[in-house]
Amino acid sequence: MSTRVLLHVGTPKTGTSYLQDVLFRNQRTLAAAGILYPADRFDAHFLAALDLMRMPWGGLEKQAVGQWDKLAKKVRKHDGTSIISHEILATASRAQVGRALTSLGHDDGTEIHVVISVRDLVRQIPAEWQENVKHRAALSYRAFLDQIQDPRREERISTWFWGVQELPEILDRWGDDLPPERIHLVTVPPVGGPQDLLWQRFSKAFGLDGLDLTLEAERTNPSLGVPETALVRRINRAANQELEPRDYRPLVRELLAHQTLSRRVDSPRLALPPDLHPWVSQVTASWVDEIERRGYDVVGDLGDLAGAPPVTDYVDPDHPDEAQVADAAVDALRAVLLEGSRWQRREGELRAELDDAYKALERSYLRPTYRWRERTVRRLQNSGLGRRGLSAYRRLRGRSSPPA
Amino acid sequence: MADVVYLHVGAPKTGTTYIQDRLALNRPQLARHDVRYPLGARGDMFHAALDLIERPWGGMLPDAKGEWDALVKRTRRADGRVVISHEILAGATGEQVERAVASLAPAEIHVVVTARDLARQVPAEWQERLKHQGRMRYGKFVRRIQKPRSAIGRSFWQVQGLVQVLERWSRQLPPERVHVVTVPQPGAPHGELWRRFCRAVDVDPAWAPLDSVRRNPSIGAPESAMLRQLNDRLRGTELEHADYRTLVRHLIVHETLATAPVQQRLTLPPDCYDWAEEIFGSWREWIVGSGVDVVGDVADLRPVRPAPDAVWHDPDRTRPRQVADAALDALVAMIEEAARRDDPDEHLSARVTKAAKRLRER
Amino acid sequence: MSGDGETPGIRRAWGWAAHLRDGGTTPWRDWAVEGTAHGRHLPGAQQLELLRRLNAAGDVSDGLATRVLEASAPGRGRPDLELVGSVDVLAFGPPPVDPADLSADELLRVAAGLLAEDVHAAGLPVAGTVRPRPWRTRYRLVGDPMLADPRRADLGSRGRPPGGRNELVVVLGTDVAQMMVDIWTARSIGVGTTPWGEWVRRARRLDALPRRIDLPRVARTAAERVGVRRVRVVLDVDALPRLVGVRRPLAAAPELSADAVELARRTGQVLGLLATPVERAALLREVLVPRLAEHPGPALVLPRRHVEWVRGHARTMRDELARAGYPVHGDPDGLLPVDRPGVTRPSDAGVLALALRLLLEKKSI
């Protein structure tokens, strides 16, 4: 059984992917130091979290069945410190938290710590809107801001937003049964500070100081500017009805948002509208008061949560510079065209290969003995070319229209 | 060998596609009246025409080798009247015209040229170039074509210079065998162009009742601006001509942008009408003086000036929002198309299991 | 729900929880007795209200009551909500609610989660293997899945699995409006799909029938594979047994009310988190659907405003099939939409009531 478990439960957009990346790549070094980060794939903890919270995620949940128990079992078997990290854990219900803690050995004496990395709302709010848009949301920035300000919190967007951002509430759920010294907040430093300050804080919180870890170059979280986000939102509005989630992911999110539009770094950035700063300051102040009152451990400085002052050159993403949007759209169009043409070419190459394999298969059927045929089929099946040939046998047999 | 061969040689952007469509649709009926439109295996006579005029055409020339001779062969096999039609024939040089005429001897050859006023031809030609990856701005294009010796000017007038085209194609023909069919101005009853064409080739319109549903796929000023920007952005990429044809010309322009009603029509810049009128004057003079057969009215070729308070939509200065909207429409269409096609590798691996299972059951 | 349970509001909430655990049905608004905390945390308003409704609907076992109170609401949506009046001022978190105001949809989140657990726990019945008979008609059933799937399964259990040399491909169909309902039903009890209204609207927007019921297309694909002469279109399902070489009639799909299908769809969503896709489909089909079939109710029909659109497609299909010349068993006009009694969409209240009934039934299984 692990003597210590560090449960990193949130929040999104606070460098969690980078942390998880480092942990994943350095599993062996960590293990040598007695630290377990159990992940056979880079999204193992994400799937475990989906499993724990019974959360559908555009089809990915199929791979999540049983993943939490698998993870918990590894943690219990380990002797030393274990680290679990994924930011969607923040929204776990009390019952799910209870199940998680129990499964990790909470009732059997394991020392469970909850770690939460936090960033100022001034940056979190626009980042969350963009994240929503990259996940097919078509609502305007203004609509988003209105929803999250609505105290009734009946909409899905605001439920999710506060579920992953509202620190005292999250720590209430996760930390209800834990002494305050086992709850650690890691604050993300403001922009402009030393490059690796955040990593130093993570390292301290997770007990990684002094270890020789491969820290890859700072992975810039591909973020979109104002015109680019506006464009993706318009795409969502126009295409959501027809486009399936499994097509949206590779085409819009991956190809367009992450690989193409995020390269346009000179466009204006998303920001919190200046008129929302007073409300945000108020909320933040109430959180800081509550956190201090509860006596949690802070790695960093709660002052970081105040965030930058209001921007002077605020650009409204609901009324972007249309020339910039047009430019981004043409860029995106170019990217999709090139991708489409690459596929056409690849299909042409494959067809040519298949043609050859088909001929070979045909020849095999002219032989008399069935056993000989069987052997050929099996041999073809076992070779890559042959496999393709078998499918060609089906596809090229008179099908004039592209396969469904 | 056919008795009479009508060579409809152009001009481009004068409704030729509609005419060819209608001829193709009604082939059996026309054949019953001894009028033949000898398509081979292809859907139109583009490759035959390309073979004659010998332009590279985005890599398609090699594919066209021998097609003109094949067309001639089919014409020889026919009897009665034969109609040959493709608008790129307008650009044939004098030598190529001689070759064409010689190959069709001893049939009685007529030349038919559908003609439209210059004010509509200029924007149409610019748009056509855009659809072939053109990147030149409209203003520059218009200026260049007013200089007949510039590269653009030469290629434009080679096909759109009515007098020059007529002169080259009618060199060996008596004027009564040269027919100028004028495209009526907008507002004429539907099918008027077709009826005029029929008169020119001595066909009763009733022999070809099936109407083509293909509408002229033209796009407005903002869409043209967007297309130009896209072509600019595609420069230097590895997008092949074939892919450009399928994805940009067909999917984006014809099937997406052109399906919406045109909001801001592309027209001749207002300060060019005097020049266009001058050209018209020279056309009219030549036509009247030469005695060629005119089906329609030469007055149809006079550029129609816009109303004095009309707004001119300059594609070089469009409102960015409209360009953004056009780009968005195209983008969404492309994304949906890409989604429909799937990743070819994914496809094959899914089908291997199925196919292997089926084979085992045999 | 924070730390101390000392306020009168909280004690009142614990009192109510205990009352519900004992089978009580008093609404929260009318409850005034305080109680003591037992358990780590107070259950959310959704869970408490669901238990109250269960109590009102029947006899709830201790086990079930515990499960309800400890359940989470799976998936996305509002988290565990506080009871209004149990806490005075909430500094953080969503505002407290009166559980009586919770929508059926909210309560269904919890109910579907519990039902999914039940289905998963029931497990699949052990299937015996049946040896295929040697001299059997080779066939393949395609087309409307609610016509094809149960009959294919029945034939399989009679030793006549699909496929084989020179197979006859039978394209099964019925009136198009019913086929639309059938496709959605098949998806709901299979791989999952969007809610009915959304699904129909999408099909309408794409102006195309789902591929599996585009009978000419299905027939064409089959003909390309086995030849035109081996394709049969069957619009009268009674003609099928003879075609595939059996005498007794074949099993039809169980009749499910609109609410039942919707409940299966929602349960399937959660089941997808508990079982692999193949298991999930099998569990829905073998465990949940039979139980749902025991609760008759109005069937789902296509809303009137979509019937005209569908009629146009039906006519096109009928004409195309005639042109293509496949042998057709049954009246080709049978493809045209027929007026059937039923409801145009499931109702959340009905779905919830059905879920409650199934949860209460559990002990009898």
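A quick note: this is a predicted structure, and the numbers were derived from the prediction, not measured. Throughout, protein chains are lettered first and strands after them, A, B, ... in sequence-line order, and every chain is numbered starting at 1.
- Proximity to chain A is absent for every atom of C:Ala116, based on heavy atoms less than 4.5 angstrom apart.
- Taking the six-membered ring for Trp and the full ring otherwise, the centers of A:Phe46 and A:Trp57 sit less than 6.0 Å from each other.
- For a residue to count as touching a neighbouring chain, one of its non-hydrogen atoms must lie under 4.5 Å from one of that chain's; by this rule A:Pro151 touches chain C with the backbone only.
- When heavy atoms are compared at a cutoff of 4.5 Å, A:Thr159 approaches chain C solely by way of its side chain, counted from C-beta outward.
- Of the residues C:Leu114, C:Leu107, C:Leu108, the one that meets the side-chain contact (heavy atoms from CB on, under 4.5 Å) test with C:Val110 is C:Leu114.
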Exercise for review: For C:Arg212 and C:Asp144, run salt bridge (Lys or Arg N to Asp or Glu O under 4.0 Å): C-alpha distance rounded to whole Å, both residues' side-chain angles, the deciding distance at 0.1 Å, then the answer.
Suggested key: CA-CA 7 Å; C:Arg212 286 177 78 176; C:Asp144 184 325; over 6 Å; no
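- With a 4.5 angstrom heavy-atom cutoff, C:Glu279 does not touch chain A via any of its atoms.
- Shown are A:Val9, A:Thr11, A:Leu50; of these, the side-chain contact (heavy atoms from CB on, under 4.5 Å) with A:Ile88 is made only by A:Leu50.
- By the 4.5 Å heavy-atom criterion applied to side chains, A:Arg136 and A:Arg249 are not counted as neighbours.
- Under the side-chain contact (heavy atoms from CB on, under 4.5 Å) criterion, A:Arg41 pairs with A:Asp43, A:Ala44, A:Leu47, A:Gln63, sequence neighbours left out.
- Heavy-atom neighbours of C:Arg204 CZ from other residues, nucleotides or ligands within 6.0 Å: above the threshold of 12.
- At a 4.5 Å heavy-atom cutoff, C:Gln269 makes no contact with chain A through either its backbone or its side chain.
- Chosen from C:Arg201, C:Arg202, C:Arg280, C:Arg220, the residue pairing most often with chain A at heavy-atom distances under 4.5 Å is C:Arg202.
- The contact between A:Glu290 and chain C is made entirely by side chain atoms (from C-beta outward), counting heavy-atom distances below 4.5 Å.
- The pair A:Asp69-A:Arg99 meets the salt-bridge criterion, with a side-chain N (NZ, NE, NH1 or NH2) lying under 4.0 Å from an Asp/Glu carboxylate O.
- Heavy atoms of C:Pro94 lying under 4.5 Å from chain A belong to its backbone as well as its side chain.
- A:Trp160 touches chain C through its side chain: at least one heavy atom from C-beta onward sits under 4.5 Å away, while N, CA, C and O do not.
- Proximity to chain A involves both the backbone and the side chain of C:Ser72, based on heavy atoms less than 4.5 angstrom apart.
- If you tally non-hydrogen atom pairs under 4.5 Å between each of A:Arg173, A:Arg54, A:Met55, A:Gln96 and chain C, the highest count goes to A:Arg54.
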